[in-house]
Amino acid sequence: MRQSKSWFTWVEKRPQKEVKENEPVTQRRGQKKHYTKNYFSRYLSYVKAYLKQPFPEFAHPQANNSFHGLTTILLLSLFNTISLTAVANYFVSRYDWFANISILPNVSFTFTPWLFAIKTFFFLVISLWLLPVVIHCFKKIIYKEETDSAIWLSEFMGMNVFSLILSFIGLLMALLAPLLFFVVILFLLIIQLVILNMAAVVSFTPYSNQRFIPLFYIILGAFFTNVLIEFILFSLIF
């Protein structure tokens with residue numbers, strides 16, 4: 001069993017190498033560039049592994065990196081934020097025209113795209129991080145499972161890497177023709193939610209034979225807790 005670690009292990013300071021006074025600046029820059037290139041390569045391997053097998057019986061070795069889950073959350077949040085902001089800005093800027101040809105009421109309101117984008121981004125980051133946290137807490141309390149929480153985040157978000165492709169496609173559509181592709185963009189967002197919920201259910205299936213509490217009620221409790229916190233979070237941000 002892996003020992004449980006804090007969900008904020010990704011912000012802990014890692015030991016830094018002592019920088020020598022006579023070490024060239026170009027050499028230090030080269031080392032950082034090399035590390036970034038290596039991480040990008042490892043992350044691509046992680047994405048490819050979970051695209052081939054989204055719900056593996058055992059976690060892919062590529063998931064043994066505490067930063068992969070966080071990277072996936074940030075990318076998903078960024079892509080979807082841009083899509084939602086582009087669509088919202090398009091419809092709001094043309095609201096008067098839509099009101100004239102439909103039953104929409106003639107109202108005036110102020111829409112600030114950059115503020116909407118910031119709020120949406122933070123809401124999505126916290127929301128995508130929140131569900132695996134709730135699942136981890138339920139598994140730890142009910143099944144006494146001791147897992148590395150940062151690695152678990154990478155494993156859970158690995159099951160959602162297909163959503164990266166969907167969100168990127170939605171981003172391109174929202175930038176090119178938000179009105180024309182509005183229904184498709186909305187459909188892609190719904191599919192991402194379906195995949196996220198599927199990942200949550202699949203993460204509980206290894207405990208289906210443990211009859212201490214029926215699995216149905218455990219999953220229901222986890223979803224109810226998550227929705228309740230999401231509602232409070234939405235109220236606070238928006």
Side-chain angles (χ1 to χ4, degrees), residues 7 9-11 35-89 116-136 148-178 180-203 223 226 230 233 237:
W7 277 97
T9 49
W10 50 271
V11 298
Y35 174 80
T36 303
K37 184 178 180 181
N38 283 345
Y39 178 76
F40 181 72
S41 177
R42 291 194 298 270
Y43 184 73
L44 281 182
S45 299
Y46 164 81
V47 171
K48 290 178 181 177
Y50 276 97
L51 283 176
K52 292 179 180 178
Q53 181 56 265
F55 304 117
E57 184 177 356
F58 300 100
H60 293 298
Q62 291 85 349
N64 291 325
N65 187 307
S66 57
F67 289 98
H68 287 345
L70 178 63
T71 302
T72 305
I73 288 177
L74 293 176
L75 289 176
L76 275 172
S77 301
L78 179 63
F79 294 162
N80 286 317
T81 295
I82 296 174
S83 300
L84 292 171
T85 304
V87 171
N89 185 56
F116 176 82
I118 291 175
K119 289 182 177 181
T120 303
F121 178 76
F122 279 106
F123 175 76
L124 290 177
V125 168
I126 299 173
S127 296
L128 290 172
W129 176 81
L130 183 64
L131 182 57
V133 169
V134 171
I135 294 173
H136 180 267
D148 186 317
S149 51
I151 299 300
W152 156 243
L153 182 64
S154 294
E155 294 174 2
F156 181 84
M157 293 312 301
M159 293 184 280
N160 291 272
V161 293
F162 185 68
S163 294
L164 279 176
I165 299 176
L166 299 180
S167 61
F168 184 72
I169 294 174
L171 180 151
L172 295 178
M173 290 181 174
L175 294 178
L176 292 174
L180 180 63
F181 296 117
F182 174 72
V183 175
V184 180
I185 295 170
L186 183 62
F187 177 73
L188 292 178
L189 289 172
I190 294 174
I191 293 299
Q192 291 179 55
L193 286 175
V194 171
I195 294 174
L196 187 67
N197 291 326
M198 286 176 60
V201 173
V202 169
S203 64
F223 274 110
N226 183 70
E230 292 275 4
L233 178 65
I237 294 180

What pair of heavy atoms forms the shortest contact from [X] to [Y], and how long is it?
| X | Y | answer |
| --- | --- | --- |
| Tyr50 | Gly158 | CB-O, 3.0 Å |
| Gly69 | Met157 | O-CG, 3.8 Å |
| Ala174 | Ala86 | O-CB, 3.8 Å |
| Asn226 | Val134 | OD1-CG2, 4.3 Å |
| Ile191 | Leu166 | CG2-CD1, 3.4 Å |
| Ile237 | Phe122 | CD1-C, 4.4 Å |

Hey, does the side chain of [X] reach the backbone of [Y] with a donor-acceptor pair shorter than 3.5 angstrom?
| X | Y | answer |
| --- | --- | --- |
| Ser203 | Ala200 | yes |
| Trp129 | Ile73 | no |
| Asn80 | Leu76 | yes |

For a 4.5 angstrom cut-off between non-hydrogen side-chain atoms, does [X] reach [Y]?
| X | Y | answer |
| --- | --- | --- |
| Leu172 | Phe181 | no |
| Trp152 | Ile135 | yes |
| Gln192 | Phe162 | no |
| Thr85 | Phe121 | no |
| Met198 | Met159 | no |
| Leu196 | Phe156 | yes |

To the nearest 0.5 Å, what is the distance between [atom1] ([X]) and [atom2] ([Y])?
| X | Y | atom1 | atom2 | result |
| --- | --- | --- | --- | --- |
| Leu74 | Leu124 | CG | CG | 11.0 Å |
| Phe67 | Thr72 | CZ | OG1 | 13.0 Å |
| Leu171 | Leu84 | CG | CG | 10.0 Å |
| Ile169 | Leu188 | CD1 | CG | 6.5 Å |
| Leu131 | Phe223 | CG | CZ | 6.5 Å |
| Ile165 | Leu51 | CD1 | CG | 4.5 Å |

| request: Might you work through the side chain to side chain donor-acceptor pair (under 3.5 Å) test for Thr71 and Tyr39, ending with a clear yes or no? | output: CA-CA 11 Å; Thr71 302; Tyr39 178 76; 2.6 Å; yes
| query | Would Phe40 and Tyr43 count as a close aromatic pair, with their ring centres under 6.0 Å? | reply | no
| query | Could you walk me through whether Glu230 and Phe123 pass the side chain to side chain contact (heavy atoms under 4.5 Å, CB included) check? | reply | CA-CA 9 Å; Glu230 292 275 4; Phe123 175 76; 3.6 Å; yes
| said: Tell me which one of Leu175, Ile185, Leu189, Leu186 satisfies side chain to side chain contact (heavy atoms under 4.5 Å, CB included) with Val87. | reply: Ile185
| request: Taking atom CZ of Phe168 as the centre, report whether more than 12 heavy atoms of other residues, nucleotides or ligands fall under 6.0 Å from it. | output: no
